[in-house]
Structures are given as structure tokens and as C-alpha cells.
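Heads up: the structure comes next, in C-alpha cells.
Quick note: numbers below take in every heavy atom, side chains included, and nothing from hydrogens, waters or symmetry partners. In what follows, chains carry the letters A, B, and so on, assigned in the order in which the sequence lines appear, proteins first and then strands, with residues in each chain numbered from 1.
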Protein chains: 2
Amino acid sequence: MEPKQPDGSRGRNTGARRRSRLSQAVIVAAAQHIISTGGDGSLSMRQLARELSITPMALYHHVRDKDELLMLLLETKAQNVSRPPLPADPRERLVTSSQLLYDMLADCPFLGEILSSEDLMTASNLWIIEAVLDAAVDCGFAPDEAVGIYRVIWHYTSGELMIRLTRERRLAELDQPPYRERVFADIEPRTYPRLHALADRWTDLTARQTHRKGLEALVAGFLRGAGTAPWPPGHADGHIAG
Amino acid sequence: MEPKQPDGSRGRNTGARRRSRLSQAVIVAAAQHIISTGGDGSLSMRQLARELSITPMALYHHVRDKDELLMLLLETKAQNVSRPPLPADPRERLVTSSQLLYDMLADCPFLGEILSSEDLMTASNLWIIEAVLDAAVDCGFAPDEAVGIYRVIWHYTSGELMIRLTRERRLAELDQPPYRERVFADIEPRTYPRLHALADRWTDLTARQTHRKGLEALVAGFLRGAGTAPWPPGHADGHIAG
DNA sequence: ACCTGAACACCGTTCAAGT
DNA sequence: ACCTGAACACCGTTCAAGT
């Protein structure tokens with residue numbers, strides 16, 4: 001009985017050829033490698049094929065189209081996200097669970113083209129959306145209202161992420177170094193040592209805080225009954241209605 | 001003294017040749033024609049050149065790049081938007097002026113690539129952004145806070161528009177007819193005559209209402225002091241700071 | 001100054017053929 | 001079943017040349 005290779009193939013004639021069989025797992029791994037090393041999160045099928053030394057069309061035998069590949073990347077990311085305990089207070093839970101969605105997607109610079117979907121649902125992140133809806137219901141909102149609130153939160157979150165992603169890509173293609181270098185261009189590193197160490201996370205951190213302020217305002221406003229008019233019909237269309 | 005043509009040329013040898021000199025105005029008009037007739041708002045430089053029977057590169061003599069062309073289209077749109085009276089009450093004014101921004105951009109299906117900019121400022125729409133900031137200041141917020149609130153409103157608005165635009169483009173490229181046909185596919189037109197007449201505006205109307213609910217919640221939440229922590233530094237960077 | 005022609009450096013995807 | 005080669009139908013933009 002021969003030992004199997006990690007990819008499940010026999011490995012007899014593979015030797016140094018490294019001719020690992022193509023699979024979704026291999027494709028996803030290569031995509032992640034490009035994203036992590038290439039700088040900005042933009043990704044093309046042809047670039048990915050080059051990385052794998054195959055024809056672009058070989059990819060389409062394991063993946064329906066580019067959107068499916070991106071969703072696959074999101075799914076693997078979602079699988080590796082730990083599931084923290086949520087606050088008991090419904091109101092805090094609504095804010096915190098919404099921010100969880102934000103945090104997860106903020107770490108997915110490849111989303112680009114699909115970030116403007118009506119929802120971004122994959123098997124392993126459904127629990128977050130469920131948590132948002134559940135918190136809204138526990139706040140006293142009817143199911144339809146909860147869906148409406150989720151939609152508003154999603155539009156807000158998606159817009160923030162999209163704008164940030166676009167800015168970073170624009171900067172990347174101008175060959176500008178990331179924020180760190182620009183923000184602290186004329187500042188001595190030793191002047192603010194802690195700041196300097198955190199600089200490459202700075203924009204993300206402030207963006208996160210600003211986003212949270214918006215979330216808190218939204219939740220506070222909805223709880224206060226702002227917009228007492230009923231939700232317009234049709235807002236709850238789609239997969240999560242009911 | 002010969003009479004001048006509208007485009008400023010002499011018009012002597014133009015005759016039936018219709019060889020109108022290329023200019024920003026001509027380019028913008030052609031772009032608007034494509035958008036209004038072509039269905040979805042997507043627009044390419046090559047397509048535009050084809051419409052004008054010129055080389056794609058001729059465009060670049062009157063316009064720096066595609067982004068500038070899109071901003072030009074937004075500017076002409078903004079020029080033709082009437083400036084309604086705003087409510088005296090600061091809180092209502094904050095909601096209404098934000099919705100004005102939404103309404104204007106919702107009627108610009110060509111924005112696509114630049115909708116994820118940090119701001120979408122052109123000479124003729126600055127008064128709207130000014131009105132939002134002014135209303136926020138009149139609500140009692142410090143200038144920095146007003147900018148932060150504008151940012152949140154912009155992220156929310158931009159996200160909503162982007163998602164809607166993407167959905168409509170996806171439907172358009174599937175050759176699906178606009179919402180009207182689909183929503184009312186199995187319903188007798190005479191059953192709901194008024195609804196049927198408004199059907200092609202329905203999705204926009206409900207989207208508008210939903211967006212307004214979000215705006216009202218945001219404003220109510222901010223006025224209630226939600227997110228009492230100070231705005232993180234850096235949120236007021238950019239053109240409108242100060 | 002204004003425009004053309006040809007090219008560069010890309011895209012996502014289809015289709016027929018190979019093994 | 002899995003992959004290749006060539007092609008289709010596009011992009012935005014640069015560059016050198018024409019008038």
C-alpha cells in the first residue's frame with residue numbers, strides 16, 4: 001500500500017515534477033497566495049492560471065465562473081473565522097454581530113466585483129447574518145422589520161468596504177506605498193514609536209471605529225422608532241424573507 | 001458676417017456632412033444618448049467612439065480619462081437638477097438634503113466605476129453636500145462631527161446605489177426585461193391599473209423609501225448621542241475638512 | 001491643434017480538439 | 001474526465017505619425 005499524497009493522488013510518477021492535480025483546493029490556495037503576496041486584492045483568472053502554470057480554461061473545469069471562485073475564497077475565509085461569544089443584551093448584540101460581518105469582509109480584499117451583491121452569503125458565514133436578524137428580533141422588531149434593518153446595515157457596510165477597497169487599489173496602482181509611508185512621510189519614526197508600529201493598521205482601525213459609530217447610530221435610531229412608517233413592500237424579497 | 005453655428009464653427013462647408021467638431025459637449029451628448037437608449041448605464045470609451053464614428057483616441061483629446069468623462073456627465077446632470085426649498089428644522093433638513101443627494105445619483109446609472117469614490121463632488125452638486133454639513137452643524141454637531149456624519153451617510157448612500165445598480169446590470173445582461181414585466185408577470189394589468197402605471201418606478205420608489213428609513217434612523221441615532229466616543233482621527237481628511 | 005492607425009497590455013469566456 | 005490552443009468579443013490607454 002503506497003502512501004497517498006496530501007492531494008489524494010498516488011504520487012508515483014509525480015516526483016519532482018510537482019504536477020499536482022488541479023482541484024478547487026489547489027486553485028483557492030494559489031489565489032490566496034497571489035492575494036497575500038501581490039499587494040492589492042485584485043485577481044484575474046489569467047493571472048491565476050499563470051501562477052499555476054496552466055491554461056486559463058483549465059480553471060473553468062473546477063469552477064463555474066469568476067464569481068464562484070470569489071465566493072469560494074470567501075467561504076474558506078469564513079471557515080477560519082472564530083466564533084466569539086456575543087453580548088446578551090439584544091441591542092449590543094445587534095451592533096456587535098453587524099461589526100463581525102464587517103470585520104470578516106474587511107479582511108477579504110479580493111471581494112471587489114461581488115461586494116455589491118444584494119447579500120454575500122456563503123455556508124460558513126450564515127451564522128453572522130442569522131445573529132444580526134436574531135438580535136433585531138430580540139430587540140422587539142417584527143421579522144419583516146428585522147430584514148429591513150439588516151438590509152440597511154448591509155448597504156452601509158458594503159458601501160464602506162467598497163469605498164475603502166477602491167481607495168487602496170487606486171493607491172496601489174499609483175505605486176504609492178501603503179498609508180504608513182505616506183501618513184508618516186515627514187515624521188521621525190522615534191517620535192511616535194507606538195503609532196509607527198501600528199501605522200499599517202491605522203486606517204483600518206479608524207475605519208472600523210467610524211463604521212461602528214454608524215452602526216450604533218443606526219441601531220439607536222431604529223430602536224427609537226425613527227421612520228415610524230412601515231417598511232415599503234418588496235424590501236424583504238429574496239432568500240432570507242420569511 | 002456669417003451666422004455662427006451652435007458649436008461655434010463657421011458652418012460654411014459643414015452642410016449635410018454633419019461633421020460637427022468634437023468637443024466635450026458633443027461627447028457628453030453622445031454619451032447621454034447611449035445611456036438613454038442602450039438600456040443599462042454601462043458605457044465604454046470604444047462604444048462611445050463608435051457612436052461618434054471616430055477613433056477611441058480622439059476622445060482623449062477632450063477628456064483626460066474615463067473618470068473625467070463620467071464626472072462630466074454627473075456635472076451636466078447636476079446642472080439640470082432644480083434646487084428645492086429645504087425644511088427649516090435642522091433635523092428634517094439633514095434627512096432631506098441627504099435624500100437629495102441620493103435622488104440625484106439614483107438618476108445617474110452611468111456612475112458605476114466612480115460610485116465607490118470617497119466623495120462624488122462636482123461644481124454643481126456641492127450645494128447639496130454643503131446643505132448636509134450645514135444641517136448637521138445646525139443640529140448642534142461640531143464641524144468634525146458633521147463631517148463624520150456626512151461620511152457615514154455617504155457610505156450608506158453609495159452602498160445602496162451600488163448594489164441596486166449592480167442588480168439592474170445583472171438583470172440587463174441576462175436579457176431579462178425590467179422589474180415591471182417580472183413583478184407583474186402573472187397579474188392582469190386591469191387588476192391594479194394605478195400600480196401597473198407606476199410599476200416601472202416601483203423598485204426605485206421602494207428603494208427610496210427604504211433608504212429614507214435608514215437616513216432617519218441614522219439621524220435619530222446621532223442626535224440621541226449614539227456612539228458618544230469621539231470620532232477617530234483621520235476621518236475628516238480630504239477636501240472638505242475644516 | 002486635432003485626429004488616425006497600430007499597438008500594448010490586458011480582460012472573462014466559448015468552442016473544438018486532444019489525451 | 002481533464003486539459004490545451006486558438007479564438008471571440010471585448011477593455012482603457014500610450015505612442016508615433018499624419019494633416
Seminar exercise, completed: For DNA chain C, the dot-bracket notation using Watson-Crick and G-U wobble pairs below 3.5 Å, [ ] for pseudoknot-type crossings and | for other-strand pairs, is ||.|||||...|||||.||

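The two atoms that bring Leu101(A) and Trp154(A) nearest to each other are CD2-CE3, 4.0 Å, heavy atoms only. Annotation for His62(B) and Ile27(B): closest pair CB-CD1, 3.8 Å, computed over non-hydrogen atoms. Closest heavy-atom contact between Val63(B) and Asp65(B): CG1-O, 3.1 Å.
If you take CG of Leu52(B) and P of dC2(C), they are 16 Å apart, rounded to a whole angstrom.
Note on Thr55(A): every side-chain N or O is 4.0 Å or more away from OP1 and OP2 of dC3(D). At dC11(D), one or more side-chain N or O atoms of Arg50(B) fall inside 4.0 Å of OP1 or OP2 (strictly under the cut-off).
Listed by chain and residue number, Glu75(A) satisfy the side chain to side chain donor-acceptor pair (under 3.5 Å) test with Thr122(A) (two or more places apart in sequence, or in another chain). In terms of the side chain to side chain contact (heavy atoms under 4.5 Å, CB included) criterion, residue partners of Gln47(B) (sequence neighbours excluded) are, by chain and number, Ile34(B), Leu43(B), Ser44(B), Arg50(B). Under the side chain to side chain contact (heavy atoms under 4.5 Å, CB included) criterion, Tyr102(A) pairs with Ala106(A), Thr157(A), Glu160(A), Leu161(A), Arg164(A), Ala207(A), Arg208(A), His211(A), not counting sequence neighbours.
Near DNA chain D, meaning a heavy atom under 4.0 Å away, the residues from residues 57-74 of chain A are Met57(A), Ala58(A), His61(A), His62(A).
Put simply, the side chain of Cys108(A) does not reach to within 4.5 Å of the side chain of Leu73(A), judged on heavy atoms.
Sorted by first and then second residue, the side-chain hydrogen bond (donor to acceptor under 3.5 Å, both in side chains) pairs with a member in residues 106-116 of chain A read Lys66(A)-Glu113(A), Lys77(A)-Asp107(A), Ser116(A)-Thr166(B); sequence neighbours excluded.
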